[in-house]
Amino acid sequence: MAKKKLQHFAENKTFPHYFESTFAQISESGSNMRGNWKSLFFANSGKLIVEIGCGKGEYTIGQAKRFGNNNFIGVDIKGARIWRGAKTIEEEGMKNAAFIRSQAGLLHLWFAESEVDEIWITFPDPQPGSRKNKRLTSPRYLSMFKKFLKPEGIVHLKTDSSELFDYTIEMIGENNLRVVERVDDIYGTITEGPLCEIRTFYESMWLAEGKTIMYVAFQIDNLLQ
Ligand SMILES: C[S@@+](CC[C@H](N)C(=O)[O-])C[C@H]1O[C@@H](n2cnc3c(N)ncnc32)[C@H](O)[C@@H]1O
């Protein structure tokens with residue numbers, strides 16, 4: 001493995017705002033942080049907003065800077081990517097952001113029932129073709145997320161993939177979920193605000209290629225678990 005990657009993995013473990021556990025450590029009763037994020041870590045009663053598949057964490061960091069009264073946690077399976085966001089928290093002395101290295105499907109071991117107010121899914125792998133069950137907006141994943149999302153909590157999807165976007169809109173209709181907001185072309189429609197001003201690493205790449213960026217926010221209360 002590249003030396004720099006190993007250094008980043010090692011440095012991650014020194015950050016008080018970086019969390020990871022083996023499955024064996026948390027599989028029985030969950031992480032110690034489960035149900036305790038506000039009382040033990042953030043020490044405030046602001047909202048808890050989780051970004052899944054956060055990569056380098058631009059959205060988590062960008063939102064945390066703009067919304068200082070709320071708390072933001074970025075989650076990704078790749079520790080080398082998360083390092084960038086975790087390093088920014090240290091460099092800028094931020095108190096309302098953190099990162100977890102975890103598989104999305106294990107997040108119920110990190111968050112208790114109704115602990116999370118909102119979920120952001122930013123530019124997830126579209127999993128083209130028949131790999132629908134692997135999509136982070138599939139009923140399989142959303143029913144796992146429902147275990148820790150508050151009733152009437154919101155799931156936000158930002159994507160460049162029309163296949164994933166169309167799939168998600170169809171899934172919303174089939175499951176009778178409530179759409180809170182839908183924008184079919186963010187940069188052709190919106191000129192100010194966080195939706196177009198906070199750009200992730202992948203978003204910047206897709207924009208440079210002239211791709212259209214789509215957004216939908218929806219509630220998953222009606223989804224069967
Ligand atoms: C295309 S990248 C987008 C990263 C970032 N959101 C951005 O827009 O720059 C997708 C990210 O999702 C992460 N990912 C994919 N499947 C995941 C899973 N099941 N659990 C956690 N992270 C996952 C990948 O490691 C990768 O960093």
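Whatever order the structure lists ligands and atoms in, that order sets their numbers, starting from 1. Predicted model only: the values in this text are computed from it and were never measured.
- Given atom 4 (C) of ligand 1, the protein heavy atom at minimum distance is Gly53 O, 3.5 Å.
- For ligand 1, the polar-atom distance check against Thr122 finds a nitrogen or oxygen pair separated by under 3.5 Å.
- What sits closest to atom 20 (N) of ligand 1 on the protein, heavy atoms only, is Ala104 N, 2.9 Å.
- Backbone and side-chain nitrogen or oxygen atoms of Pro124 are examined, and none is located within less than 3.5 angstrom of a nitrogen or oxygen of ligand 1.
- Panel note: side chain Asn96, backbone Ala64; a donor-acceptor pair is recorded below 3.5 Å.
- Annotation: atom 25 (O) of ligand 1 to nearest protein heavy atom, Asp76 OD1, 2.6 Å.
- Not close to ligand 1: Gly105, with no non-hydrogen atom less than 4.0 angstrom away.
- With hydrogens and angles disregarded, no donor-acceptor distance shorter than 3.5 Å links the side chain of Arg182 to the backbone of Val216.
- Protein heavy atom in closest approach to atom 22 (N) of ligand 1: Ile77 N, 3.4 Å.
- Looking from atom 19 (N) of ligand 1 to the surrounding protein, the closest heavy atom is Gln103 OE1, 3.1 Å.
- Checking only distances, Glu58 never comes within under 3.5 Å of ligand 1, N or O to N or O.
- Checked by distance only, ligand 1 and Asp125 stay at 3.5 Å or farther apart across all their nitrogen or oxygen atoms.
- Looking from atom 21 (C) of ligand 1 to the surrounding protein, the closest heavy atom is Ser102 O, 3.4 Å.
- Counting heavy atoms under 4.0 Å from ligand 1, residue Tyr141 touches it through the side chain alone.
- The distance from ligand 1 to the heavy atoms of Phe201 drops below 4.0 Å at these ligand atoms: 9 (O).
- Put simply, the side chain of Phe42 reaches to within 4.5 Å of the side chain of Ile73, judged on heavy atoms.
- Among protein heavy atoms, the minimum distance from atom 9 (O) of ligand 1 is reached at Tyr202 N, 3.0 Å.
- Side-chain atoms of Glu58 never come within 3.5 Å of backbone atoms of Arg199 as a donor-acceptor pair (strictly under, hydrogens ignored).
- Close approach to Lys78 involves these atoms of ligand 1, each under 4.0 Å from a residue heavy atom: 25 (O).
- For Phe123, no nitrogen or oxygen atom sits less than 3.5 Å from a nitrogen or oxygen atom of ligand 1, counting backbone and side chain alike.
- With hydrogens and angles ignored, the 3.5 Å screen pairs no side-chain donor or acceptor of Asn222 with any backbone N or O of Leu177.
- The side-chain tip of Lys56 points at the ring of Phe201 from less than 6.0 angstrom away and within 45° of straight on.
- The backbone N or O of Thr22 sits less than 3.5 Å from a side-chain atom of Gln25, completing a donor-acceptor pair.
- The ring of Phe123 has its center no closer than 6.0 angstrom to the ring center of Tyr202.
- Side chain of Asp117 to backbone of Leu48: a donor-acceptor contact under 3.5 angstrom is found.
- Taking distance alone, with nitrogen or oxygen atoms compared against 3.5 Å, Glu203 stays at or beyond that limit from ligand 1.
- A distance below 6.0 Å separates the ring centres of Phe19 and Phe41.
- The contact set between ligand 1 and Thr200, taken as ligand atoms under 4.0 Å from a residue heavy atom, comprises 7 (C), 8 (O), 9 (O).
- Of the possible polar contacts, none joining the His17 side chain to the Ala97 backbone as a donor-acceptor pair under 3.5 Å is found.
- Summary of contacts: the protein heavy atom closest to atom 26 (C) of ligand 1 is Arg81 NH1, 3.0 Å.
- Under the 3.5 Å distance criterion, the side-chain polar atoms of Lys158 are left unmatched by any main-chain donor or acceptor of Ile121.
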